[in-house]
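First comes the structure, then the notes that go with it.
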Amino acid sequence: MKKSIRELMTRDVVTLKPEHTIQDAAKLMLDLNVGVIPVCVQNNHLQGMITDRDIVVRAVSKGMNGQTKIGDCMSGKVVTIEERSNSEEALQLMAEHQIRRLPVVDDQNRMVGIVSIGDLAEEGPLEDEAGVALHEISYPARPLGEAQV
Amino acid sequence: MKIRDLMTPDVESCTTNDTLQQAAQIMEELDVGIVPIVSNDGSQRLEGVMTDRDIVIRAVAKGMDVNSTKVSECYTDQVVSVTPDTDAHEASKLMATHQVRRLPVVQDGRLVGICAIGDLAVEGIHEDEAGYALSEISEPDRADLH
């Protein structure tokens, strides 16, 4: 029987708020060596994601500087997975959307963790079901914690 | 097949004197994450490359003004490139080794084109190698692109 995502995910996740600046996000991306950070509002409700690419094409390209709020340039549409789902469902989502990290939410859309392809690989041989996913996706999970910015 | 037959000859580039905002605009318009950087003396001499991630971690993270900061302060001058005479198989190996999807094409030090991994894949005869290259390259992680 496959483990649930709850058992495989990383629990402590660094998140930012929409009112943080893109400079805050960029610093975290530098420090954690990641390209994407979840954006949450009160009670960890997941609002969106901010990527390094979002910062460049939605802010820098328009001449907007580091003090620009994340809320003004984040991606609001996020693919998430429920904590009760299993690794197979997560891999399907990753392959379908060509992403390697999925925010994990509870039934209230509160963010409770993040699951990376690496976390799923520990589950066992994924070669077949991962297929495209493993080819395109290989991102190490990051140690996470409250964002200090 | 040689790169000259597969590359895109007209390539958008930035000069070292352009601003980060201008470079970002090119990345947005062309939907690319990396642009070749040429010298600003009109010679088209390839100086390096700059990625979207370079802009974020070298400039935005440090609070630099994107409208006045020049490309020269933030690009990478170590660059893997090919020549028009490079064999397509060799180019795909370079892409896999260096984890890049686009290679500047240089002749006598001058930028003459760009070769994307897609340019190799459509050739069909390179499917295995290009496939290997693709499997080794992870798009969102562009930290070590060059």
Side-chain angles (χ1 to χ4, degrees), chain A residues 16 20-37 49-70 73 75 79 94-95 97-102 116-118 127 130-142 149, chain B residues 12 14 18-35 49-71 73-75 96 99 101 117-118 121 127-128 130-145:
Chain A
L16 288 168
H20 278 116
T21 67
I22 57 172
Q23 186 179 349
D24 295 330
K27 270 188 198 162
L28 264 186
M29 289 174 184
L30 172 62
D31 292 344
L32 303 178
N33 194 28
V34 296
V36 56
I37 296 171
M49 303 280 264
I50 179 100
T51 67
D52 46 10
R53 176 118 190 124
D54 291 336
I55 292 175
V56 170
V57 303
R58 295 186 182 162
V60 178
S61 71
K62 314 290 194 280
M64 290 151 73
N65 265 310
Q67 294 315 299
T68 305
K69 302 294 182 213
I70 287 174
C73 66
S75 309
V79 181
M94 288 176 176
H97 297 278
Q98 293 292 296
I99 49 181
R100 59 193 68 203
R101 290 151 64 89
L102 283 173
S116 74
I117 186 104
E127 207 57 59
V132 178
L134 280 181
H135 271 221
E136 290 285 306
I137 299 168
S138 58
Y139 214 90
R142 291 285 151 193
V149 290
Chain B
E12 285 280 350
C14 286
D18 286 336
T19 66
L20 298 187
Q21 181 273 327
Q22 289 171 309
Q25 203 175 334
I26 286 179
M27 289 178 184
E28 183 194 9
E29 285 168 4
L30 302 182
D31 196 23
V32 294
I34 182 171
V35 287
V49 292
M50 191 170 67
T51 66
D52 46 10
R53 182 147 179 104
D54 290 337
I55 295 177
V56 171
I57 66 178
R58 295 181 185 166
V60 180
K62 296 176 171 66
M64 291 155 78
D65 180 356
V66 300
N67 297 302
S68 62
T69 303
K70 305 288 189 194
V71 165
E73 294 176 58
C74 167
Y75 77 107
Q99 297 280 292
R101 286 167 174 269
I117 197 161
E127 203 148 315
D128 283 354
Y132 170 71
L134 276 168
S135 74
E136 293 288 301
I137 293 169
S138 42
E139 178 87 74
D141 183 7
R142 282 185 288 251
D144 304 316
L145 232 167

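Reminder, nothing fancy here: chain letters follow the sequence lines and each chain counts from 1. From a predicted model like this one, the values you see are computed outputs, not experimental measurements.
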Please report the interatomic distance OG(A:S61) to CD(B:Q22), rounded to the nearest 0.5 Å. 12.0 Å
Roughly how far, to the nearest 0.5 Å, is the CZ atom of B:R53 from the OG1 atom of A:T51? 10.5 Å
What pairs meet the salt bridge (Lys or Arg N to Asp or Glu O under 4.0 Å) rule with one or both residues in residues 59-69 of chain B, with sequence neighbours excluded? none
If I measure from the heavy atoms of chain B, does A:I22 come under 4.5 Å with its side chain, its backbone, both, or neither? both
Do you know the tightest heavy-atom contact between A:G66 and B:V60? CA-CG1, 4.4 Å
Identify the heavy atoms of A:G63 and B:V66 that sit nearest to each other, and give their distance. C-CG2, 4.0 Å
Taken in chain and number order and not counting sequence neighbours, the residues that satisfy side-chain contact (heavy atoms from CB on, under 4.5 Å) with B:L30 are B:E12, B:I26, B:V32
Salt bridge check, B:E28 against A:K62: does any charged N sit closer than 4.0 Å to a carboxylate O? yes
To the nearest 0.5 Å, what is the distance between OG1 (B:T69) and CG (A:N65)? 8.0 Å
Side chain of B:D52, backbone of A:V57: donor and acceptor closer than 3.5 Å? no
I need the A:D52 CG to B:D54 CG distance, nearest 0.5 Å. 10.0 Å
From the options B:M27, B:Q25, B:Q21, select the one residue that forms a side chain to side chain contact (heavy atoms under 4.5 Å, CB included) with A:V56. B:M27
